[in-house]
Amino acid sequence: MNFKNVMKLTAIAVSMVSVTAFAGSTYNYTMDAKSYSGSRDRDYSVYVPTNVSNPAPLVMVLHGCVQDEQDALNEWGMKAKADAEGFILVTPFITTYDGMRSENCWGFWFDQHNHEGGGEPEDLYQIALEVEGNYTIDTNKRYITGLSSGGAMTVVAAVTHNEYWTAAASASGLAYGETSSSVALAMMAPTFESVSTTASDMKREIDSDYQIPMMVLQNNNDEVVQQPAGYNIRDSFLKVFGASGYQSANSTKASEADCSAVLTTGYNCKHTKYTVDGTTSGRSVVETIFYDGPANGMKGHYWVGGTEDNYCKATGPDYPTLVWNFFAAQTRSGESSQPNGVPTVTLNGDNPMFLDLNDTFTDPGATATDPEDGSLTVTADCSDVDTSTEGEYACTYSVSDSDENNKVLVRVVKVIDPSAPTASCGTSTASPSDHISSGRAVKGGDFNLHAMVGNSSIGYSFDTWSSVTLYEGESGEWFTQEPAVCHGLEQPASSCTEYYDSNYNHVIAGRAYNDMGYAKATGSGDNLGLNNTFTYTTLKETSTGYYELGSCQ
């Protein structure tokens, strides 16, 4: 095997595990949490087949909710595919997480987890860099895929780090910037952002011209992540990464055929390619695998391939083969938009950076390197920072290489008032039921079925299995998000008023209006979901008569 420093583990050295059912070996690692916001300790596994090439392609696979890295490693058929094709397989585990979510979900809908430079997509990037430090990886062949929340986080990673990943494949995932309401749960129908909104969000995030190819795998009968989720990923990627005049499904559709690799036939599996110029010889921007799979007990929401267990079936298209064939056809080398490697920028010091009022600000700076040019000069702009006024400011760091590849990173600088009211700024993680028992939440909402913190629901009052983190401001005052007082940025109470109620009651009270059966927030037009008495949402009034989704804290 050709890999370097194979026993150099990051943070904690964990035992090497030999897997007798496969020819290769599995190595377990832990990445230490980094200094940027939202970073956590992350466990991950690396599978190295005996026939690994030198340098080897890297394939990162992200588990879905209620799963872990061992499910993705051992049950999805990807280990066998690594043996057959000679790529290094990496399966990260979310390990620990913040915010209200189901067990082990990647937090694609949280703002701190869908931007470069922080949270989960940055941790995944750092894990990939650690793998490159321990193994010889082909830098033109770095790929990422995942299922469900892992599929949604795959899309996030492809957008936040399109300068790094070569191609991505999202299985039962969601478009960039979707909220948690895009998932169908219980009696709540999903709501989706418009493609134009998604495309605008993507354009604000990407900092590289590289047109990252995306494969979308979607069961048309999925009852959890429902169509048009797959169409929305397709259409937003075409709109953002398609060439001028080739940004729609109609203009870029090059071919459509029955899926070439299936485990079982009869599910109308179609493989469609959308290319840069709409011709079969053009480079793929998006490829879709859409099929009419069974729902069964999994509500149609599963990975296809490997073993019949834990959100994995062997019915329909052969995901491991289709995904790998798509990856193998994509490479970063020779692309006119990115002729060579993209610069890597590293911020010195903390991000975010906290300063007291009237402190002297000294920029810690940043460094940059490039595969062809070596060290590069970083241009920093911190002119926005004003330590005489509390608030949040930005330092922007930009760099260009000789191939005119550009990279931009932002450091957040928060100026706080040390004389602000004393707050514990503690946290407590427990089930909604336990939060009620401990006095951090109360029963409320429709028929007292909800656990309420202020005007926000954190789940059902009888829920003893979920894990919800609450944040304490002043002693005994609990919030669903970290209160502004903990950063010295507390706003006057009159600047925001919060309302938690059914969508129907929001409409009756004038905080929202009815739009063809859906409730839209008055002023902002935010979509609250179906206009009924069963769907509850939190609205905030930020100015007289202007309402938005979300809480004040």
| CG/Leu470 to CZ/Phe479 distance, rounded to the nearest 0.5 angstrom? | 10.5 Å
Mind listing the side-chain donor-acceptor pairs of residues 240-250 below 3.5 Å, one per line with the distance, residues two or more places apart or on another chain?
from	atom 1	to	atom 2	distance (Å)
Gln247	NE2	Gly242	O	3.3
Ser248	OG	Ser251	N	3.2
Ser248	OG	Ser251	OG	3.0

| query | Does the gap between the ring centers of Tyr143 and Phe326 come in under 6.0 Å? | reply | no
| Can you name the closest pair of heavy atoms from Ser182 and Glu178 and give their distance? | OG-CB, 3.6 Å
| Residue pairs involving residues 105-128 (criterion ring pair (Phe, Tyr, Trp, His ring centres under 6.0 Å); sequence neighbours excluded) | His63-Trp106, Tyr125-His161, Tyr125-Tyr164
| What's the spacing between Met215 CE and Lys273 NZ if we round to 0.5 Å? | 8.0 Å
| query | Quick one: are Pro92 and Arg42 in side-chain contact, heavy atoms under 4.5 Å? | reply | no
| request: Would you indicate whether the side-chain heavy atoms of Glu193 and Thr179 approach each other to under 4.5 Å? | output: yes
| said: Under a plain distance cut-off of 3.5 Å, with no hydrogens placed, do Arg234 and Tyr274 share a side-chain donor-acceptor pair? | reply: yes
| message | What verdict does the side-chain contact (heavy atoms from CB on, under 4.5 Å) test give for Asp71 and Tyr311, after you've listed the backbone C-alpha separation in whole Å, the side-chain angles of each residue and the deciding distance to 0.1 Å? | response | CA-CA 9 Å; Asp71 293 311; Tyr311 295 95; over 6 Å; no
| query | What closest approach, in Å, do Ala394 and Val385 show between heavy atoms, and which atom pair accounts for it? | reply | O-CG2, 4.5 Å
| message | Using side-chain contact (heavy atoms from CB on, under 4.5 Å), reason through Thr198 and Phe192 one step at a time and then give a plain yes or no. | response | CA-CA 10 Å; Thr198 299; Phe192 300 99; over 6 Å; no
| field | Any Asn104 side-chain heavy atom under 4.5 Å of Gln67 side chain | value | no
| query | Going by atom types only, do Ser172 and Ser148 share a side-chain donor-acceptor pair under 3.5 Å? | reply | no
| query | Is there a donor-acceptor pair under 3.5 Å between the side chain of Thr166 and the backbone N or O of Arg142? | reply | yes
| task | Decide yes or no for Gln227 and Phe290: does some side-chain heavy atom of the first lie under 4.5 Å from some side-chain heavy atom of the second? | result | yes
| message | Between Asp526 and Leu549 (side chain of the first, backbone of the second, donor and acceptor by atom type, cut-off under 3.5 Å), is there such a pair? | response | yes
| With sequence neighbours left out, which residue pairs that include part of residues 458-471 fulfil the salt bridge (Lys or Arg N to Asp or Glu O under 4.0 Å) condition? | none
| field | Donor-acceptor side-chain pairing of Thr191 and Ser181 below 3.5 angstrom | value | yes
| message | To the closest 0.5 Å, what do you measure between SG (Cys382) and CZ (Phe361)? | response | 4.0 Å
| query | Of the non-hydrogen atoms in Asn503 and Leu528, which two are nearest, and what is the gap between them? | reply | ND2-O, 3.2 Å
| task | State whether the number of non-hydrogen atoms from other residues, nucleotides or ligands found under 6.0 Å of Lys239 atom NZ is greater than 12. | result | no
| said: Nearest 0.5 angstrom please: Ile94 CD1 to Glu103 CD, how far? | reply: 11.5 Å
| query | Does one side chain, of Glu69 or Thr91, offer a donor that lies under 3.5 Å from an acceptor on the other? | reply | no
| Contacts of Cys312 that satisfy disulfide (SG to SG under 2.5 Å) - sequence neighbours left out | none
| Point-to-point distance, once rounded to the nearest 0.5 Å, from CG of Asn268 to CG of Asp292 | 5.0 Å
| note | Across all chains, not counting sequence neighbours, the salt bridge (charged side-chain N to carboxylate O under 4.0 Å, His left out) partners of Arg204 are Asp201
| task | For residues Ile212 and Ala167, report the shortest heavy-atom separation together with the two atoms involved. | result | CG1-CA, 3.9 Å
| field | Asp235 side chain vs Val195 backbone, donor-acceptor pair below 3.5 Å | value | no
| field | Between Thr160 and Asn114: side-chain donor-acceptor atoms closer than 3.5 Å | value | no
| request: Would you mind reporting whether Trp478 and Ser438 have side-chain heavy atoms less than 4.5 Å apart? | output: no
| field | For Val304 against Tyr319, the heavy-atom pair lying closest together | value | O-CB, 3.0 Å
| said: Under the criterion side-chain contact (heavy atoms from CB on, under 4.5 Å), I'd like the reasoning laid out for Asp384 against Val413: C-alpha separation, chi angles, the key distance, then a yes or no. | reply: CA-CA 10 Å; Asp384 183 50; Val413 179; over 6 Å; no
| With distance as the sole criterion, is a donor-acceptor pair present between the side chains of Ser428 and Arg440 under 3.5 Å? | yes
| request: Return yes if some donor-acceptor pair links the side-chain N/O of Glu163 with the main-chain N/O of Tyr210 below 3.5 Å, else return no. | output: no
| query | Heavy-atom distance under 4.5 Å between the side chains of Leu62 and Ile144, does that happen here? | reply | yes
| field | Heavy-atom donor-acceptor pair, Ser39 side chain to Ser35 backbone, under 3.5 Å | value | no
| message | Any non-hydrogen side-chain atom of Tyr499 less than 4.5 Å from a side-chain atom of Tyr547? | response | yes
| message | Would you say that Ile233 contacts Gln218 through its side chain, given a criterion of any heavy-atom pair below 4.5 Å between the two side chains? | response | no
| Any donor-acceptor N/O pair, Glu122 side chain to Gly117 backbone, under 3.5 Å | yes
| note | Heavy-atom nearest pair, Ser37 first then Gln112, reads OG-OE1, 3.5 Å
| Residues that Glu223 engages under side chain to side chain donor-acceptor pair (under 3.5 Å), provided they are two or more places apart | none
| Under the 3.5 angstrom rule, does the side chain of Glu120 hit a backbone N or O of Gly107 as a donor-acceptor pair? | yes
| Got a donor-acceptor contact below 3.5 angstrom from the Ser433 side chain to the Thr464 backbone? | no
| field | Separation of Thr537 OG1 from Asn505 CG (nearest 0.5 Å) | value | 10.0 Å
| query | Judged by atom type as modelled, is there a donor-acceptor pair below 3.5 Å linking the side chain of Ser194 to the main-chain atoms of Thr197? | reply | yes
| task | Please answer whether the main-chain N or O of Ser208 pairs with a side-chain N or O of Asn162 as donor and acceptor at a distance below 3.5 Å. | result | yes
| task | Verify the distance criterion only: is there a donor paired with an acceptor across the side chains of Tyr36 and Asp123 at less than 3.5 Å? | result | yes
| task | Just do the side-chain contact (heavy atoms from CB on, under 4.5 Å) check on Tyr504 and Asn532 with the steps written out, would you? | result | CA-CA 5 Å; Tyr504 176 80; Asn532 59 36; 5.7 Å; no
